There are 6 protein chains.
Amino acid sequence: MRPSKRAADAMRSVSFERGVAKHAEGSCLVRFGDTHVLCTASLEEKPPAWLRGSGKGWVTAEYGMLPRSTGDRMRREAATGKQSGRTQEIQRLIGRSLRSVVDLVHLGEKQITIDCDVLQADGGTRTASVTGGWIALYECVQWMKARDMVGPKVIRDHVAAISVGMYRGKPVLDLDYAEDSEAETDANFVMTGSGGIVEIQGTAEGKPFDEAELTAMLGLAKAGIGQLVELQKQTLA
Amino acid sequence: MRPSKRAADAMRSVSFERGVAKHAEGSCLVRFGDTHVLCTASLEEKPPAWLRGSGKGWVTAEYGMLPRSTGDRMRREAATGKQSGRTQEIQRLIGRSLRSVVDLVHLGEKQITIDCDVLQADGGTRTASVTGGWIALYECVQWMKARDMVGPKVIRDHVAAISVGMYRGKPVLDLDYAEDSEAETDANFVMTGSGGIVEIQGTAEGKPFDEAELTAMLGLAKAGIGQLVELQKQTLA
Amino acid sequence: MRPSKRAADAMRSVSFERGVAKHAEGSCLVRFGDTHVLCTASLEEKPPAWLRGSGKGWVTAEYGMLPRSTGDRMRREAATGKQSGRTQEIQRLIGRSLRSVVDLVHLGEKQITIDCDVLQADGGTRTASVTGGWIALYECVQWMKARDMVGPKVIRDHVAAISVGMYRGKPVLDLDYAEDSEAETDANFVMTGSGGIVEIQGTAEGKPFDEAELTAMLGLAKAGIGQLVELQKQTLA
Amino acid sequence: MRPSKRAADAMRSVSFERGVAKHAEGSCLVRFGDTHVLCTASLEEKPPAWLRGSGKGWVTAEYGMLPRSTGDRMRREAATGKQSGRTQEIQRLIGRSLRSVVDLVHLGEKQITIDCDVLQADGGTRTASVTGGWIALYECVQWMKARDMVGPKVIRDHVAAISVGMYRGKPVLDLDYAEDSEAETDANFVMTGSGGIVEIQGTAEGKPFDEAELTAMLGLAKAGIGQLVELQKQTLA
Amino acid sequence: MRPSKRAADAMRSVSFERGVAKHAEGSCLVRFGDTHVLCTASLEEKPPAWLRGSGKGWVTAEYGMLPRSTGDRMRREAATGKQSGRTQEIQRLIGRSLRSVVDLVHLGEKQITIDCDVLQADGGTRTASVTGGWIALYECVQWMKARDMVGPKVIRDHVAAISVGMYRGKPVLDLDYAEDSEAETDANFVMTGSGGIVEIQGTAEGKPFDEAELTAMLGLAKAGIGQLVELQKQTLA
Amino acid sequence: MRPSKRAADAMRSVSFERGVAKHAEGSCLVRFGDTHVLCTASLEEKPPAWLRGSGKGWVTAEYGMLPRSTGDRMRREAATGKQSGRTQEIQRLIGRSLRSVVDLVHLGEKQITIDCDVLQADGGTRTASVTGGWIALYECVQWMKARDMVGPKVIRDHVAAISVGMYRGKPVLDLDYAEDSEAETDANFVMTGSGGIVEIQGTAEGKPFDEAELTAMLGLAKAGIGQLVELQKQTLA
């Protein structure tokens with residue numbers, strides 16, 4: 001039995017609220033249960049220095065948590081003077097995941113930055129960020145199309161992410177904070193709309209896992225990501 | 001005529017949404033028109049080191065802006081590695097303003113941190129932060145009272161803040177970003193519920209101002225802060 | 001009765017020593033009683049990057065305190081690795097104040113940096129910095145005129161600053177450290193030679209102040225700044 | 001055909017040189033082909049602050065690359081003033097991997113730091129670090145046993161790591177730099193001596209991968225890690 | 001012929017102005033020609049952490065240059081966010097030199113910090129700092145004696161420093177900036193009142209030097225330091 | 001009697017292992033007894049910004065110690081966020097020493113960076129770095145000659161360095177860590193192959209030294225450096 005009372009394969013209630021940021025070229029407030037992340041897309045007319053003249057653009061991501069998004073207040077990274085290893089690891093993951101479905105040549109010499117700021121955290125902030133970040137990215141590309149800045153094929157597919165874990169010996173989908181703290185294994189999967197795997201990160205916090213468990217977790221993730229992609233489609237419809 | 005079409009003495013639409021942060025001891029999402037600030041209060045059981053053994057507590061504030069809260073994306077201060085002078089100036093102002101109405105002896109050896117994070121900016125983020133921060137602080141003290149952690153007289157009064165300015169030669173209330181960018185003088189007033197002045201910061205960006213203009217701006221601010229305090233009262237009722 | 005035995009409207013003994021820095025284009029050692037600040041002006045042939053091509057120049061300021069300028073030794077900011085919020089707040093104030101009397105178009109695409117380094121502190125270092133900084137700035141512009149680098153109308157007016165406060169319920173002028181530590185309200189005024197107000201910063205450290213007290217403090221400040229401007233004129237004569 | 005001419009399931013020549021650091025409690029110079037990493041174990045008599053009084057110890061890792069370990073000289077992180085996100089991500093991985101086979105209660109209130117410094121890099125530095133770091137850790141625990149500082153059951157199992165990838169559509173084992181740069185997918189597996197999976201990190205750099213490819217890569221990794229564990233055993237024999 | 005017209009063995013005009021810092025336990029404004037350094041001594045009642053319980057005290061030094069002490073304005077190290085290698089090298093030298101004549105056991109568990117801030121630079125700032133720093137240190141110890149905080153034997157000897165160099169093939173004493181920029185060799189000597197050598201730092205900027213030149217430079221330095229010690233004695237008399 | 005049992009004028013066993021770094025344009029693993037330093041030379045096709053257009057090149061050095069190169073583990077400077085004063089002092093010394101024998105005009109507009117990373121420390125790391133760094137530099141220039149990037153006269157002479165000290169009243173050569181910790185005076189000499197002195201750094205840690213002792217130390221250093229230069233020649237032969 002999960003602390004959340006959810007069935008092993010049940011996700012939390014997920015919602016995408018579009019167009020929440022007046023100034024941004026794209027935005028989405030994504031909620032996975034009590035995890036709320038504000039994703040914005042910001043367009044820059046030129047790519048990073050190392051891509052100038054290449055004909056290609058770039059998509060990158062930054063991630064942050066508000067100090068009191070968590071149970072105990074965290075020190076503000078701007079005050080600490082640096083981003084933690086965890087923050088950097090997550091923003092690199094979000095960027096890689098989104099780039100996996102973008103045609104950087106069709107984007108052209110521009111840069112889109114996806115900012116994912118966690119307003120409230122209850123586990124799964126990185127997967128919510130990838131999933132909601134894709135909506136913000138999509139909106140931004142729509143914004144560009146409306147201004148004839150890009151052609152039709154910039155975004156090649158959906159991308160979404162979900163966490164799975166081994167909790168008391170059973171594979172479960174979409175762990176909240178209470179479940180994540182006690183899980184034996186915590187894994188994050190990023191997949192495209194057509195089911196390709198973009199990223200797997202699985203860590204045994206306690207007991208190592210075996211191939212059968214990996215397969216079971218992958219199965220749960222696939223189903224969950226299928227639902228997320230469906231929700232993305234409904235949101236854009 | 002103001003760009004916002006408002007009368008010289010008209011504030012933007014102001015609202016306070018309470019209890020928006022699941023984990024915080026107090027919280028308020030304050031909106032002054034398109035300026036939206038999420039204020040949370042976090043209680044620590046012990047005061048800063050320099051107050052240990054003094055019998056007194058402390059109230060402090062931190063301030064941040066989400067990278068795309070503004071028209072052009074700003075660099076994330078956590079990535080830059082330091083808080084700008086402007087950020088530090090604002091958070092010192094918020095902290096001083098809130099402490100002016102708190103009895104630190106009655107608070108006892110504890111610390112309350114008010115985080116003010118700007119989700120969307122359109123001028124007046126510091127005045128919205130003071131005004132909404134007071135609600136978060138009040139909620140936090142209520143939370144403490146409900147647990148018998150403090151007595152009744154911790155918060156002595158309301159405190160609220162508003163900007164005024166000289167715009168094309170006329171004093172106007174509560175400048176939005178477009179007005180602020182063109183104003184000859186920009187001033188921020190912080191006052192208590194009983195009308196005492198806690199802080200004045202007035203800067204002539206263009207032409208210096210004179211005593212009569214200062215008096216006119218003070219008059220507008222007084223009226224505006226009176227309305228804000230009234231709204232705070234309705235919110236808590 | 002003030003600790004300094006001065007009358008409520010009496011400033012400390014103020015002096016300006018010009019030409020104290022062999023290498024600088026302008027310099028002034030300003031003394032407000034035991035507060036001593038070395039102000040130098042440094043000319044750069046090009047403006048900051050964001051003004052290139054605009055036809056305009058810039059005046060900026062930096063501020064620092066020697067570690068043992070104070071009663072207790074302060075940590076050296078160069079060793080700490082960053083400038084405090086207070087330092088940044090003060091240097092922004094000095095820069096804004098000086099720019100308010102400079103015609104940046106007549107200055108042309110150049111930058112003048114005013115460094116204000118406190119050799120000894122006894123309250124009022126920011127007001128001494130503005131007042132002495134203006135002398136250094138003036139000398140620098142004279143230096144430029146002597147080399148036909150600028151025309152006659154770069155500096156439009158004098159600017160000077162003074163602190164006032166409410167001390168035991170009475171408005172008093174030019175607080176020293178002992179008075180400042182106990183004052184209910186501490187305010188700094190920056191005004192031009194022609195009496196325009198450039199900046200007001202007033203903070204109630206204890207009891208809030210009211211409009212009558214603000215008016216009384218403004219009156220003291222006006223008179224004090226009038227004397228400072230007179231002294232600036234005598235110094236340049 | 002791989003650039004390295006190796007068969008798809010062939011690792012590079014791997015060697016462990018023990019006892020290479022005069023001062024350290026444990027050390028190993030591990031070579032995976034041209035990738036050379038110096039691993040040292042340093043014992044501290046007390047655990048990190050947050051474990052004091054818990055009866056448990058800690059194992060942590062730090063990672064660095066010499067500036068000219070790579071084809072182009074990299075900037076020294078000590079000169080840059082911070083560790084890159086990649087460095088932090090890797091050292092967190094090494095620490096987690098090693099802790100997965102250590103009984104922290106049996107270790108007692110002590111801390112072992114494994115430093116992995118890359119003398120020469122040719123792909124796979126993180127997997128070499130985990131694999132060689134385990135030898136340094138083992139030596140350190142032997143050193144402690146020889147001094148009766150710990151009992152027999154501190155290290156519960158071997159742990160080793162290997163990279164696999166999809167290269168031109170085929171799964172291949174232990175990618176060198178040239179292969180890694182061109183691979184469609186790059187994955188790192190960490191497993192125990194008894195075959196449990198501790199960590200999977202798989203990233204599609206180009207085309208997403210599918211479940212069959214994941215299974216094939218896992219198979220290669222399992223065989224490779226089996227060989228590495230065998231080599232660890234021979235080294236300690 | 002030297003640019004300064006001085007004879008090869010002639011120092012610049014040297015003066016020590018004592019008691020220049022109202023707040024410091026000891027102070028000296030030292031001038032070597034146009035090089036002016038403000039030295040202050042600050043007493044702390046406890047030694048650095050690593051000396052607690054040892055019965056010994058510590059003397060340390062910090063060094064800084066005002067931004068416009070030099071011909072071209074230097075960036076303020078507090079703004080840069082770190083002290084340069086040169087700054088750290090110099091302050092380590094000053095500290096070592098002063099400690100060489102202090103009995104740290106007789107000082108007891110206290111720390112004296114000598115701050116040397118260069119108000120104006122024209123070569124030889126480090127030697128002026130050592131020489132003037134000794135006066136500030138001496139005053140501080142007198143201040144302590146007057147309060148029965150230490151016994152009579154804390155300062156065992158004078159210490160002073162001078163630069164010498166090979167300039168156009170000739171050894172010369174006390175180089176100013178113009179000479180230093182062109183010298184083939186630049187050397188700094190620190191010696192005690194009784195003629196013991198505490199520190200030699202000699203660097204060939206151009207052509208290497210030989211033993212005879214080293215001996216000639218040492219001879220000049222000895223004579224120069226003899227004069228400086230005499231001046232220290234007169235200053236204290 | 002020295003702790004190392006060596007005669008007063010006996011160096012430790014010294015060796016140079018060339019070509020140890022696959023990627024570098026020059027490299028040398030130098031050993032002075034148990035002090036082991038990996039020196040690499042990295043060529044950049046352009047000089048530092050301040051030399052562009054001058055026709056001259058530059059040689060610079062960076063220095064680091066692996067965390068467990070020492071008896072107690074040192075904090076990693078990349079984690080601390082800055083290089084210590086000692087590190088900067090040493091890398092400046094290495095750079096100056098190597099430049100003293102390089103014709104920067106013949107080098108042309110290029111930069112060579114010598115990285116000296118201490119794998120194991122037992123005293124004398126800076127002198128080993130200079131001496132081994134020269135080999136790496138020489139290899140790099142050979143590499144350039146083989147590609148017709150420079151003419152024959154870039155390196156004008158050998159340069160090598162050795163420490164000497166006063167140990168229990170006697171001058172001794174090449175101190176190891178145990179000797180260095182107890183020596184009254186510690187001095188480092190850098191000399192060219194033709195016997196010119198490039199740098200002297202001598203510090204009395206305890207009792208000051210006199211001219212006779214300086215002369216004795218210089219004699220030892222000369223002989224030692226003669227041997228080192230001989231070894232450099234044999235290594236290149």
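By convention in this document, chain letters (A, B, ...) are assigned in the order of the sequence lines, proteins followed by strands, and residues within each chain are numbered from 1. All figures in this text were calculated on a predicted structure; none of them were measured in a lab.
By number of non-hydrogen pairs under 4.5 angstrom with chain C, the leading residue of Gly196(B), Ser194(B), Ala204(B), Gly202(B) is Gly202(B).
In this structure, the portions of Thr203(B) lying under 4.5 Å from any heavy atom of chain C include both its backbone and its side chain. Residue Lys207(B) does not touch chain C at all, counting heavy-atom pairs closer than 4.5 Å. With a 4.5 angstrom heavy-atom cutoff, Glu211(C) touches chain B via backbone and side-chain atoms both.
We find the CD1-CG distance between Ile200(C) and Leu218(B) to be 9.5 Å, quoted to the nearest 0.5 Å. Atom-to-atom distance recorded for Phe209(B):CZ and Glu199(C):CD is 8.0 Å, nearest 0.5 angstrom.
Of all residues in residues 64-96 of chain C, those placing a non-hydrogen atom less than 4.5 angstrom from a non-hydrogen atom of chain B are Gln83(C), Ser84(C), Gly85(C), Arg86(C), Gln88(C), Glu89(C), Arg92(C), Arg96(C). Using a 4.5 Å cut-off between non-hydrogen atoms, no part of residues 180-190 of chain C approaches chain B.
Asp210(B) approaches Ile197(C) most closely through the heavy-atom pair C-CD1, 4.0 Å.
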